[in-house]
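Along the sequence shown, residues carry numbers from 1.
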Amino acid sequence: MKRDIITILLALISVASQAQTKVNIHGICESDAKSISIMKNMDGSGGQDSVAVTNGKWEYMKELPADVYTLLFISDVKAKQAKQEDVIVVMADSIPTEIDLTTGTVKGSKASEAMNATWKELFASMKNDNGLAAVQQMRKAVLDNTDSMLPVVFVPMMYKGLTYPELQKIFRPGAPYENHPAMKEAKEHMSQIQEAYQKERQELLQSQKARAVGNKFTDIAMNDTTGRERRLSEWCGKGRYVLIDFWASWCGPCRAEMPNVTACYEKYHAKGLDIVAISFDTNKEAWLRAINTMKMPWVHLSDLAGWNSLGAKTYDIKGIPANILLDGEGNIIDNDLRDYMLEEKLAEIFGE
């Protein structure tokens with residue numbers, strides 16, 4: 001496992017960003033420090049720099065060339081100890097950044113803070129033989145910072161371990177690294193998965209008549225969160241678009257997808273979108289707690305029968321998350337829209 005982490009660290013090679021960047025970085029360090037060493041890019045390909053320390057304080061303001069995207073900082077005092085974990089790593093972005101070299105903390109852009117946390121986790125995992133923690137940290141850093149160049153650092157090393165929805169999020173249209181050469185293999189990998197997914201999805205739509213595009217929805221009755229029996233027909237076929245969303249509180253991928261569903265609901269509810277969620281839970285308390293915790297302000301139904309749910313049987317649901325999109329007449333117009341696919345479909349419908 002240590003060897004794997006070392007390989008990851010050695011693989012953090014320099015790649016070019018899209019434009020020159022003016023950085024504004026300042027911080028504090030040990031009182032007896034005289035200078036701060038700065039490495040441009042993790043492999044040093046951008047060269048090195050240094051700044052003087054005055055009474056434990058220092059400042060680094062510079063316009064960096066296009067091929068510098070990360071910066072590594074260490075004081076001359078810490079450098080004598082030759083411990084890589086004492087190095088602070090941030091993104092070379094235009095957000096003002098504050099670095100405390102005595103505590104190893106960073107206050108700056110979300111991407112810089114995530115970059116430094118991930119760097120530290122990599123070294124911690126080497127000591128603890130816990131490579132999984134490092135991979136999880138890298139995954140989180142990437143998925144939380146798709147608006148920066150941070151994914152270029154880690155995705156080329158870990159893309160084969162990412163799920164299709166994760167790759168979709170990373171390669172969202174307009175991402176700053178969308179056409180970056182270092183992401184080419186990962187992007188091709190996603191395209192292959194996407195092709196297989198679309199083929200499987202078409203086969204699914206053709207084989208499951210209850211969910212086939214063009215069919216009318218099938219009405220079913222279930223209890224809402226208060227225990228009152230409700231029917232899908234109370235919302236479906238009433239002139240508004242309806243997303244029937246199949247999920248469960250215990251389903252990790254469902255919970256991961258929920259922020260995207262929430263964003264779409266908030267954006268399009270006033271324009272004509274309703275959501276009716278059908279849960280495959282068996283524990284009512286867990287079901288209600290998840291609805292409250294994740295702030296899901298739409299209609300919720302469940303018979304608390306798990307995979308024996310009437311929703312699963314009626315619509316032949318074999319896996320969740322899953323969904324069915326209906327038009328205002330109650331006709332099925334699409335299935336299993338996740339991540340950017342849901343947003344794109346709704347934008348197409350509502351003219352956004």
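- Here the closest non-hydrogen pair linking Phe217 and Gly237 is CE2-N, 4.4 Å.
- Contact record, Val155 with Ala186: CG1-CB, 3.7 Å, taken as the closest heavy-atom pair.
- Under the side chain to side chain donor-acceptor pair (under 3.5 Å) criterion, Thr105 pairs with Thr103, not counting sequence neighbours.
- For Cys264, the disulfide (SG to SG under 2.5 Å) test picks out no residue, with sequence neighbours left out.
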| task | Determine, step by step, whether Ile74 and Leu72 satisfy the side chain to side chain contact (heavy atoms under 4.5 Å, CB included) criterion, reporting the C-alpha distance in whole Å, the side-chain angles of both residues, the deciding distance to 0.1 Å, and the verdict. | result | CA-CA 7 Å; Ile74 191 169; Leu72 290 73; over 6 Å; no
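- Not counting sequence neighbours, the partners of Arg231 by the salt bridge (charged side-chain N to carboxylate O under 4.0 Å, His left out) test are Asp219.
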| task | Apply side chain to side chain contact (heavy atoms under 4.5 Å, CB included) to the pair Tyr177 and Ile170, showing each step before the final yes or no. | result | CA-CA 9 Å; Tyr177 45 80; Ile170 292 166; 3.7 Å; yes
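- At least one side-chain heavy atom of Asn41 sits less than 4.5 Å from a side-chain heavy atom of Tyr69.
- In this structure, Tyr241 has its ring center at least 6.0 angstrom away from the ring center of Tyr268.
- Inter-residue side-chain proximity for Lys267 and Phe350 is flagged as unmet; no heavy-atom pair is nearer than 4.5 Å.
- The shortest side-chain heavy-atom distance between Trp247 and Glu257 does not fall under the 4.5 Å cut-off.
- Look at Arg338 and Asp336 and you find no salt bridge, because none of the NZ, NE, NH1 or NH2 atoms lies under 4.0 Å from a carboxylate O.
- In this structure, Lys345 NZ and Leu243 CG are separated by 12.0 Å, a value rounded to the nearest 0.5 Å.
- In this structure, CH2 in Trp298 is found 3.5 Å from OG1 in Thr262, a value given to the nearest 0.5 Å.
- One N or O on the side chain of Asn335 and one on the backbone of Arg211 form a donor-acceptor pair closer than 3.5 Å.
- A donor-acceptor distance shorter than 3.5 angstrom exists from the side chain of Asn116 to the backbone of Gly104, with no hydrogens or angles considered.
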| task | May I have the step-by-step check of side chain to side chain contact (heavy atoms under 4.5 Å, CB included) for Phe280 and Ile317, ending in yes or no? | result | CA-CA 10 Å; Phe280 291 178; Ile317 305 297; 3.8 Å; yes
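- If you take CD1 on Ile220 and OG1 on Thr314, they are separated by 5.0 Å, rounding to the nearest 0.5 Å.
- Ala182 approaches Pro156 most closely through the heavy-atom pair O-CG, 3.4 Å.
- Here the side chains of Thr97 and Met91 are not in contact, with every heavy-atom distance at 4.5 Å or above.
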Only distances under 3.5 Å count here; give the side-chain donor-acceptor pairs of residues 139-153 to other protein atoms, sequence neighbours excluded, each with its distance to 0.1 Å.
residue : atom : partner : partner atom : Å
Arg139  : NE   : Glu166  : OE1          : 3.3
Arg139  : NE   : Glu166  : OE2          : 3.1
Arg139  : NH2  : Gly161  : O            : 2.8
Lys140  : NZ   : Asp144  : OD2          : 2.7
Asn145  : OD1  : Lys110  : NZ           : 3.3
Asn145  : OD1  : Ala111  : N            : 3.1
Asn145  : ND2  : Ala141  : O            : 2.8
Thr146  : OG1  : Arg172  : NE           : 3.4
Ser148  : OG   : Asn145  : O            : 3.0
Ser148  : OG   : Leu150  : N            : 3.1

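- Legend: residues meeting salt bridge (charged side-chain N to carboxylate O under 4.0 Å, His left out) with Glu234, ordered by chain and number and at least two apart, are Arg230.
- For Glu344, the side chain to side chain contact (heavy atoms under 4.5 Å, CB included) test picks out Pro173, Tyr340, with sequence neighbours left out.
- Annotation: the span from Asp86 atom CG to Lys80 atom NZ amounts to 13.5 Å, rounded to 0.5 Å.
- Under the 4.5 Å side-chain heavy-atom criterion for ILVMFWY residues, a single connected hydrophobic cluster contains both Met341 and Ile275.
- In the displayed structure, Glu285 atom CD is contacted under 6.0 Å by at most 12 heavy atoms of other residues, nucleotides or ligands.
- Judged as a side chain to side chain donor-acceptor pair (under 3.5 Å), and not counting sequence neighbours, the contacts of Thr102 are Asp100.
- At a threshold of 4.5 Å between non-hydrogen side-chain atoms, the residues Val299 and Asp224 do not count as touching.
- Nearest heavy-atom pair, Glu113 versus Lys107, reported as atom, atom and distance to 0.1 Å: OE2-CA, 3.5 Å.
- Here His269 pairs with Tyr265 under the ring pair (Phe, Tyr, Trp, His ring centres under 6.0 Å) rule; sequence neighbours left out.
- Annotation: salt bridge (Lys or Arg N to Asp or Glu O under 4.0 Å) contacts involving residues 242-254, sequence neighbours excluded, are absent.
- For the pair Ile320/Trp307, a side-chain contact is recorded, criterion being any heavy-atom separation below 4.5 Å from C-beta on.
- The cluster map of Ile, Leu, Val, Met, Phe, Trp and Tyr, joined by side-chain heavy atoms under 4.5 Å apart, puts Ile28 and Val106 in different clusters.
- Pairs passing the salt bridge (Lys or Arg N to Asp or Glu O under 4.0 Å) check and including a residue from residues 175-188, sequence neighbours excluded, do not occur.
- A donor atom on one side chain and an acceptor atom on the other are found under 3.5 Å apart for Asp93 and Ser109.
- Not one N or O on the side chain of Arg255 forms a donor-acceptor pair closer than 3.5 Å with the backbone of Trp250.
- Under the 30°/60° scheme for interplanar angles, the aromatic rings of Tyr315 and Phe246 are found to be tilted.
- No side-chain heavy atom of Ile95 sits less than 4.5 Å from a side-chain heavy atom of Ser112.
- Asp281 places a side-chain N or O within 3.5 Å of a backbone atom of Ser249 that can act as its donor or acceptor partner.
- Linking Ile, Leu, Val, Met, Phe, Trp and Tyr whenever their side-chain heavy atoms come within less than 4.5 Å puts Val135 and Met42 in one cluster.
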| message | Run the side chain to side chain contact (heavy atoms under 4.5 Å, CB included) test on Val23 and Val68 for me, step by step, so that the C-alpha distance in whole Å, both residues' side-chain angles and the decisive distance to 0.1 Å come before the verdict. | response | CA-CA 11 Å; Val23 298; Val68 174; over 6 Å; no
Distance-only check: which donor-acceptor pairs under 3.5 Å involve side-chain atoms of residues 47-59, not counting sequence neighbours?
residue : atom : partner : partner atom : Å
Asp49   : OD2  : Tyr60   : OH           : 3.2
Asp49   : OD2  : Lys62   : NZ           : 2.5

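- Using a 4.5 Å cut-off on side-chain heavy atoms (C-beta onward), Met61 and Ile25 make no contact.
- With rounding to the nearest 0.5 angstrom, the CG atom of Asp274 is 10.5 Å from the CG atom of Leu326.
- Taking hydrophobic clusters as Ile, Leu, Val, Met, Phe, Trp and Tyr residues chained together by side-chain heavy-atom distances below 4.5 Å, Leu64 shares a cluster with Val90.
- Here the side chain of Asp76 pairs a donor or acceptor atom with the backbone of Lys34 at under 3.5 angstrom.
- The shortest non-hydrogen separation linking Leu167 to His189 is CD1-CD2, 3.9 Å.
- Nearest heavy atom pair, residue Gln137 against residue Ala117, reads NE2-CB, 3.9 Å.
- Taking Glu30 as the reference, Lys78 meet the salt bridge (charged side-chain N to carboxylate O under 4.0 Å, His left out) condition, with sequence neighbours excluded.
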